[in-house]
Amino acid sequence: MAKLFLSLLGTSVSISAVVVILMLLTPFLNKRYAAKWKCSIWIFLAVWLIIPFKGDARQFVLAMLPQTETQPTLMDKEKLTDTQVGAIMPSRQVIVEIPAQMTAPIAMQAEKSNISISILDAVAFVWMIGYLVFILVHLISYFRFRGEVIRRGTIIRDTNILRQMSELKDELHIKGKIQMIEYPEADSPMVIGFLKPVLVLPKEQYSPEELFFILKHELVHLKRGDVYFKLLFITANAVHWFNPLIWVMQKEAAVDMELSCDERVTQGTGYAVRKAYTETLLSMLHKQCTKRTVLSTQFYGGTKIMKKRFKNILVRKGKKNGISILVCAVILTVSLGTLVGYSIAKEDTGNKDTGNELAQQGRKDTQTKQMPANYPSAADQTLENKTKLIFSKEGQEEQKQATLAVGEGYSIYLPDDEWQKSGSDMWTAAVNKQVRLWITHFKMATVDSANLELEKEGYMAVQGYDKRKKEGDLVYHARLKPFENDVWGIFYCYPTDSEEGWGRELPVIADTFALSVGTHNEKPVPVTVSNPTDLKDTGEYLQAKDCQKIQNIAGKFAAAYFNGNTGILQKYLTSTYEGEAEIYEGTGTVSDLTVKGLSDTDEKKLKNGIYVVSLEFRDSNYKDSLFYLTLGFAKEEESWKIQFYGVEG
């Protein structure tokens, strides 16, 4: 709900600017253009106000705006300065800043308390209450008044009134039955009802001329569906009840709706007829009418409004087609809606950008000699910011898009739009504040000491390094990850009745936890990599038969490399390879060997006749880290040989 409120807040700010501009231009617009054009603008703004998310519209406008480049890749960011990166990113959005404290919990959770709300959540809750109260007040008022009219009113059977009604319906091409009721308590003529409209007349004596104008005015409202538009304005006002400018917009829209109706009633008439019409309005003024319900076409508008209507009716000059101002208003509204955002969206983006930087810093190249400068490293190719997580719930597989969240020395994948950061190393589920996940770093600790600490907190061993405890209606899990002289803990909790939901999803998320190798002192011993000239795109591509040959060679070379057989390694190296063949000097057991760069989705483009393949693997000494054996293949005497190779991590 907080995200919905922030989206509506951004919309409210942008529309407020348009409302102010229109109010300042009202004297000019009323003088130059017919009221129906300004009324059309209000209708468009009301529709825009009640659409919560306008991502497609924003993307369309951003695509139309000139931009220098698209977002850079991880490799590109490595080569750019901060200034250059900022220059190529879209910088046209104005952010409505929401203080960070708004999204933080109001108070730290007690040990057995399951409630945690932020100030922003509280504000969003107040907004929702205000919206519901606003809507209910108007709906109750409308249905109560309509019920009184139906119960206490008298159906009109006067032949003169019915004949006049029939003639006007034919003139305006209105079909369908319209019930006419005389209601003594009605302050003025009006149309109420949506599916079954009712024309209500006060119990007064009207001259034929007055009756003609009154009926025609109300039938014009009915013909144009003004009751539905008033419902639209009330809905927009309810959604943005906290914004006084939207209240002003609703009142101004009601006035323009009356002016437009007056113009339609007196269209093509002479001064005498228009004067008679104003006299009918004046008679309503003398009857001291008051407003009974907003959801009607009540025929009265107050003294100031009546004066404005008199002037608009009597002082009739040729007015221009207003389609141009309508188009300008639409463009201005959509543009401002695109440019105005809110800090939560920006903060999320900022976290992702920071995550990319940390991911690069945490997994720096460990080779002893420089790799070719113009091809992406295996770590950059494999460390994706996005991935898909697969969960098995009640026998059914479910896939979710997930984004890499990076902390100090670690990273973990979290499903998109489902988690909110609630601490430096803690996340809370957006739909259930009881569901949390957090990371704890036990520095200079052993598994035994970490286990002892968890046992003191009530955790019991489940399997391997997994622990579990139950407090109240919550289940807590802890998973320990030993690494060198430290131990890392992945903790999560969820309600006991969510075992088939969160109980299946959270372990999969915990499995994606990985450490950043660059933050530790000990690393796998690298091997030598040659120094080829910079690689350039030559437009050549691998053939299917070449892919199969390269994959076979890569497998045999890897086996010799990890088994320490330099004699076999030498057979697969090019004649121009510089230096001695070197083997893997890591002391752990190598596993999970996977070839990267030869799948059907890879581009398979050669650069300077060289094609780069990576072999992803794990070392048992570094369980939670991935390493990559990068191989540069070149064709030599109708066969593929390795021009350079090296380890990255």
Side-chain angles (χ1 to χ4, degrees), residues 105 107-116 358 362 405-414 419 421-429 432-499 502-524 586-589 591-592 618-626 649:
M108 293 300 293
Q109 294 185 350
E111 186 175 349
K112 295 189 178 181
S113 175
N114 299 323
I115 301 175
S116 175
L358 288 174
V406 180
E408 187 174 350
Y410 68 89
S411 63
I412 192 167
Y413 282 101
L414 297 173
W419 292 87
K421 195 158 189 179
S422 53
S424 59
D425 295 296
M426 178 181 288
W427 292 265
T428 303
N432 189 340
K433 301 301 181 184
Q434 291 182 309
V435 181
R436 289 173 289 139
L437 182 146
W438 64 100
I439 309 298
T440 299
H441 187 190
F442 299 92
K443 296 182 179 179
M444 303 302 294
T446 64
V447 174
D448 291 338
S449 63
N451 274 329
L452 185 61
E453 188 172 335
L454 292 178
E455 288 174 5
K456 291 179 180 178
E457 295 180 12
Y459 283 91
M460 303 293 291
V462 179
Q463 182 180 5
Y465 293 139
D466 289 356
K467 307 289 180 182
R468 173 187 170 110
K469 73 172 180 177
K470 184 178 179 182
E471 285 187 1
D473 60 348
L474 290 182
V475 177
Y476 290 80
H477 284 263
R479 181 174 298 181
L480 299 180
K481 295 281 187 178
F483 190 90
E484 300 175 3
N485 297 323
D486 296 339
V487 176
W488 292 76
I490 304 96
F491 293 82
Y492 54 88
C493 65
Y494 54 86
T496 54
D497 58 359
S498 300
E499 193 67 47
W502 292 110
R504 301 286 185 234
E505 186 166 328
L506 284 164
V508 177
I509 296 174
D511 284 340
T512 67
F513 176 86
L515 296 179
S516 302
V517 179
T519 60
H520 299 275
N521 296 325
E522 297 182 15
K523 303 174 184 177
T587 58
T589 302
S591 63
D592 300 335
R618 293 183 183 273
D619 187 309
S620 60
N621 288 336
Y622 309 91
K623 292 181 181 179
D624 301 302
S625 300
L626 292 173

With rounding to the nearest 0.5 angstrom, report the [atom1] to [atom2] distance, [X] to [Y].
X: Met426; Y: Ile439; atom1: CE; atom2: CD1; answer: 10.0 Å
X: Asn621; Y: Thr589; atom1: CG; atom2: OG1; answer: 8.0 Å
X: Glu455; Y: Asp448; atom1: CD; atom2: CG; answer: 9.5 Å
X: Ile412; Y: Asp511; atom1: CD1; atom2: CG; answer: 9.0 Å
X: Leu506; Y: Arg479; atom1: CG; atom2: CZ; answer: 10.0 Å

Where [X] and [Y] come nearest, the two heavy atoms and their spacing:
X: Gly472; Y: Thr496; answer: O-CG2, 4.5 Å
X: Gly586; Y: Asp619; answer: CA-OD2, 4.3 Å
X: Leu480; Y: Gly489; answer: CD2-CA, 4.2 Å

> With distance as the sole test, does Thr512 use its side chain to make a donor-acceptor pair with the main-chain N or O of Tyr413 at under 3.5 Å?
Replying inline: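 Yes: the side chain of Thr512 pairs with the backbone of Tyr413.
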> Got a donor-acceptor contact below 3.5 angstrom from the Lys467 side chain to the Asn451 backbone?
Replying inline: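 No; zero donor-acceptor contacts below 3.5 Å.
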>> Checking Ser449 now: which residues fulfil side chain to side chain donor-acceptor pair (under 3.5 Å) with it, not counting sequence neighbours?
In response: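 Result, side chain to side chain donor-acceptor pair (under 3.5 Å) vs Ser449: Thr446.
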>> Please enumerate all residues that pass salt bridge (charged side-chain N to carboxylate O under 4.0 Å, His left out) together with Arg618, with sequence neighbours excluded.
In response: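 If we apply the salt bridge (charged side-chain N to carboxylate O under 4.0 Å, His left out) test to Arg618, skipping adjacent residues, the hits are Asp592.
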>> Is the ring pair Trp502/Trp419 parallel, tilted or perpendicular, if the boundaries are 30 and 60 degrees?
In response: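 Because their plane-to-plane angle is over 60°, the rings of Trp502 and Trp419 count as perpendicular.
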> When the ring planes of Tyr459 and Tyr476 are compared, do they come out parallel, tilted or perpendicular, using 30° and 60° as the limits?
Replying inline: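 The rings of Tyr459 and Tyr476 stand perpendicular, inter-plane angle above 60°.
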> Of all residues at least two apart in sequence or in a different chain, which pass the ring-ring contact (aromatic ring centres under 6.0 Å, His included) check with Trp427?
Replying inline: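 Trp427 satisfies ring-ring contact (aromatic ring centres under 6.0 Å, His included) with no residue once adjacent residues are dropped.
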Please name all residues satisfying side chain to side chain contact (heavy atoms under 4.5 Å, CB included) with [X], sequence neighbours left out, ordered by chain then number.
X: Thr440; value: Trp438, Phe442, Phe491
X: Glu499; value: Arg468, Tyr494
X: Asp497; value: Pro495

>> Applying side chain to side chain contact (heavy atoms under 4.5 Å, CB included) to Asp425 and His441, what does each step give before you reach the verdict?
In response: CA-CA 10 Å; Asp425 295 296; His441 187 190; over 6 Å; no
>> Between Ile509 and Tyr492, does the side chain to side chain contact (heavy atoms under 4.5 Å, CB included) criterion hold? Intermediate values first, please.
In response: CA-CA 10 Å; Ile509 296 174; Tyr492 54 88; over 6 Å; no
